[in-house]
Amino acid sequence: MMQAADVVVVGGGIAGLSVAARIAAHRRVVVLESESAPGYHASGRSVAFAHYGLGNEPVRTLTALSMAELAAHGSVHPALHIASADEIAALDALEAVHRRYDCDCARIGADAARALMPALKAEACAAALVDHGSLKLDTHAMLQAGVAAVREGGGHVVTGARVSAIRRDSASWQVETTAGHFAAPILVNAAGAWADDIARLAGVTPIGIQPRRRTVISFAAPGGEEVSHWPFTKTVGEGFYLLPEGRSQILASAMDQTPSDPCDAAPEELDIAIAADRVEQATTLPIRRISHSWAGLRSFAPDELPVVGHAAAAPGFVWCAGQGGAGFQTAPALSRIAAAAVLGLPFPADCNDAGLSADTFAPARLGA
């Protein structure tokens with residue numbers, strides 16, 4: 001039996017759910033998630049921490065435009081960006097970024113950095129930048145808020161709906177899935193690492209999405225030490241980040257970006273070992289046992305900008321892909337941009353005032 005809607009969104013991660021939540025107040029929306037629950041892949045494996053130490057200028061602008069809304073699903077937690085003696089120029093550039101966005105930040109010396117993060121070795125930090133306004137995000141709450149908004153608008157989130165075929169008839173997109181047949185005049189492609197696969201099924205030109213695997217490890221603080229007050233700590237160059245998780249557990253990553261095919265990503269032993277080694281080289285933390293490890297795919301367009309907007313020569317096909325590692329922290333602003341495209345509304349005024357435009361994210365820039 002066919003289920004008709006105004007908009008079908010393929011992908012139940014933060015990208016798909018956030019745009020569906022915006023649309024649901026105006027149109028009948030169905031979100032199709034291939035797995036058994038929303039946010040199973042990249043969104044469910046993200047160490048979501050909103051800060052300005054990643055991404056390019058448009059991504060940082062989207063982050064700035066999202067911070068007020070993110071505060072409803074996050075807690076303020078400091079971010080400490082550390083630099084070795086030969087990375088001062090990179091720290092200078094990052095400080096300029098923070099100043100540009102009027103962050104509550106301060107440039108500090110090595111001793112002050114170690115006062116905030118006492119496990120740092122002296123040689124690992126010659127200077128640092130601390131941002132007091134960063135946010136530790138509750139990813140589960142953000143995903144469930146999206147689900148709730150879709151349902152409150154009369155829409156549906158359908159899990160176990162793996163897409164097998166897509167075709168366009170004269171009036172709508174016909175989508176065959178393992179959970180049934182769905183139809184809508186507008187199809188939003190928010191399929192993450194699988195976004196190009198969905199485009200190909202629909203006969204739409206792919207954008208060249210590049211999934212990259214990132215591994216995270218979890219380990220106990222030595223002696224059960226209370227570390228919840230430690231800052232999110234990240235090197236300005238190649239290195240690692242770490243973040244307290246609860247009272248005495250620590251998450252860490254070597255910030256690896258290993259190219260991958262779309263898949264249910266799993267950590268590899270070498271990536272786990274590299275993450276542990278980088279933490280031990282820069283800190284006094286002994287990692288005697290990895291409590292848990294996992295990997296997720298962060299998906300990038302070739303120019304590492306999100307792709308949002310209507311596809312060429314494919315009426316009603318709207319891209320919402322390529323969020324990279326900033327999906328959660330840009331979701332509030334990016335979902336407003338995507339919803340405007342779907343609903344035929346003007347580009348959001350605040351985004352325009354911040355120097356962004358529909359062309360910044362349009363698939364046309366990639367020939368799609």
Side-chain angles (χ1 to χ4, degrees), residues 41-51 53-54 77-87 90-91 94 110 113-130 134 136-137 139 211-260 263-298 324-326 328:
H41 288 286
S43 293
R45 307 173 193 194
S46 172
V47 178
F49 193 89
H51 65 100
L54 80 167
H77 194 97
L80 182 68
H81 302 277
I82 62 172
S84 61
D86 59 354
E87 294 173 326
L91 189 65
L94 185 59
R114 284 195 294 275
L116 290 171
M117 189 4 194
L120 280 177
K121 290 181 179 177
E123 62 270 23
C125 180
L129 180 74
V130 58
S134 298
K136 190 175 184 180
L137 301 177
T139 58
R212 303 175 192 170
R213 188 180 69 246
R214 173 155 293 184
T215 302
V216 180
I217 62 173
S218 173
F219 58 96
E225 181 180 354
E226 166 69 67
V227 297
S228 61
H229 61 285
W230 284 7
F232 170 84
T233 303
K234 182 179 184 292
T235 55
V236 297
E238 183 180 82
F240 69 96
Y241 70 68
L242 60 80
L243 175 69
E245 181 74 1
R247 182 184 179 280
S248 58
Q249 201 74 9
I250 300 170
L251 306 181
S253 174
M255 302 187 290
D256 46 318
Q257 299 193 75
T258 307
S260 171
C263 66
D264 186 358
E268 297 191 0
E269 289 300 322
L270 178 60
D271 295 328
I272 292 171
I274 290 172
D277 180 66
R278 288 188 180 179
V279 171
E280 289 188 320
Q281 290 295 321
T283 75
T284 58
L285 296 169
I287 304 179
R288 297 189 175 92
R289 177 177 174 273
I290 304 293
S291 305
H292 183 46
S293 62
W294 67 92
L297 298 181
R298 306 156 80 244
F328 278 98

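- With sequence neighbours excluded, no residue forms a salt bridge (Lys or Arg N to Asp or Glu O under 4.0 Å) with Asp86.
- Scanning all heavy atoms of the two residues, the minimum distance from Ala124 to Ala282 falls at CB-O, 3.5 Å.
- Taking the side-chain hydrogen bond (donor to acceptor under 3.5 Å, both in side chains) definition, one finds that His51 meets it with nothing, sequence neighbours left out.
- Applying the salt bridge (charged side-chain N to carboxylate O under 4.0 Å, His left out) rule to pairs touching residues 280-292 yields nothing, sequence neighbours excluded.
- Contact between Trp294 and Arg45 at its shortest, heavy atoms only, is NE1-O, 3.0 Å.
- Here the CG-CG distance, from Asp256 to Leu270, works out to 9.5 Å after rounding to the nearest 0.5 Å.
- Residues satisfying the side-chain hydrogen bond (donor to acceptor under 3.5 Å, both in side chains) criterion with Ser43, sequence neighbours excluded, are absent altogether.
- The shortest heavy-atom contact between Ala113 and Ala128 is CB-CB, 3.9 Å.
- Residue Glu87 holds its CD atom at 10.0 Å from SG of Cys125, rounded to the nearest 0.5 Å.
- Contacts of Asp271 classified as salt bridge (Lys or Arg N to Asp or Glu O under 4.0 Å), with partners at least two apart in sequence or in another chain: Arg213.
- For Glu238, the salt bridge (Lys or Arg N to Asp or Glu O under 4.0 Å) criterion is met by Arg278, not counting sequence neighbours.
- In this structure, Pro267 and Ala295 approach most closely via the heavy-atom pair N-CB, 3.6 Å.
- Listed by chain and number, the residues in a side-chain hydrogen bond (donor to acceptor under 3.5 Å, both in side chains) with Ser253 amount to none (sequence neighbours excluded).
- A side-chain donor-acceptor contact under 3.5 Å links Arg214 to the backbone of Met255.
- Each ring pair (Phe, Tyr, Trp, His ring centres under 6.0 Å) pair with one or both residues in residues 269-289, not counting sequence neighbours, would appear here, but there are none.
- Not a single ring pair (Phe, Tyr, Trp, His ring centres under 6.0 Å) links Phe219 to another residue, sequence neighbours left out.
- For the atom pair Asp264 CG and Leu297 CG, the distance stands at 8.5 Å (nearest 0.5 Å).
- Here the CG atom belonging to Leu120 is positioned 8.5 Å from the OG1 atom belonging to Thr284, to the nearest 0.5 angstrom.
- Expressed to the nearest 0.5 Å, how far CD1 of Ile250 lies from OG1 of Thr283 amounts to 7.5 Å.
- Checked against salt bridge (Lys or Arg N to Asp or Glu O under 4.0 Å), Glu245 has the following partners two or more places apart in sequence or in another chain: Lys136.
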Next item on the list: Kindly determine whether Leu54 and Phe49 satisfy side-chain contact (heavy atoms from CB on, under 4.5 Å), including the steps that lead there.
Entry: CA-CA 11 Å; Leu54 80 167; Phe49 193 89; over 6 Å; no
Let me check something: any side-chain donor-acceptor pairs from residues 227-236 under 3.5 Å, sequence neighbours excluded? List them with distances.
{"residue": "Ser228", "atom": "OG", "partner": "Glu226", "partner atom": "OE2", "Å": "2.3"}
{"residue": "Thr233", "atom": "OG1", "partner": "Pro231", "partner atom": "O", "Å": "3.1"}
{"residue": "Lys234", "atom": "NZ", "partner": "Gly53", "partner atom": "O", "Å": "3.2"}
{"residue": "Thr235", "atom": "OG1", "partner": "Gly237", "partner atom": "O", "Å": "2.9"}
{"residue": "Thr235", "atom": "OG1", "partner": "Phe240", "partner atom": "N", "Å": "3.2"}
{"residue": "Thr235", "atom": "OG1", "partner": "Phe240", "partner atom": "O", "Å": "3.4"}

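- Pairing each heavy atom of Ser84 with each of Ala126, the nearest pair is C-CB, 3.9 Å.
- Note that CG of Leu251 is 9.5 Å distant from NE2 of His292, once rounded to the nearest 0.5 Å.
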Next item on the list: Check the pair Met117, Leu242 against side-chain contact (heavy atoms from CB on, under 4.5 Å), reporting the backbone distance first and the verdict last.
Entry: CA-CA 11 Å; Met117 189 4 194; Leu242 60 80; 3.8 Å; yes
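- Partners of Ser291 according to the side-chain hydrogen bond (donor to acceptor under 3.5 Å, both in side chains) rule, which considers only residues two or more places apart in sequence or in another chain, are Gln249.
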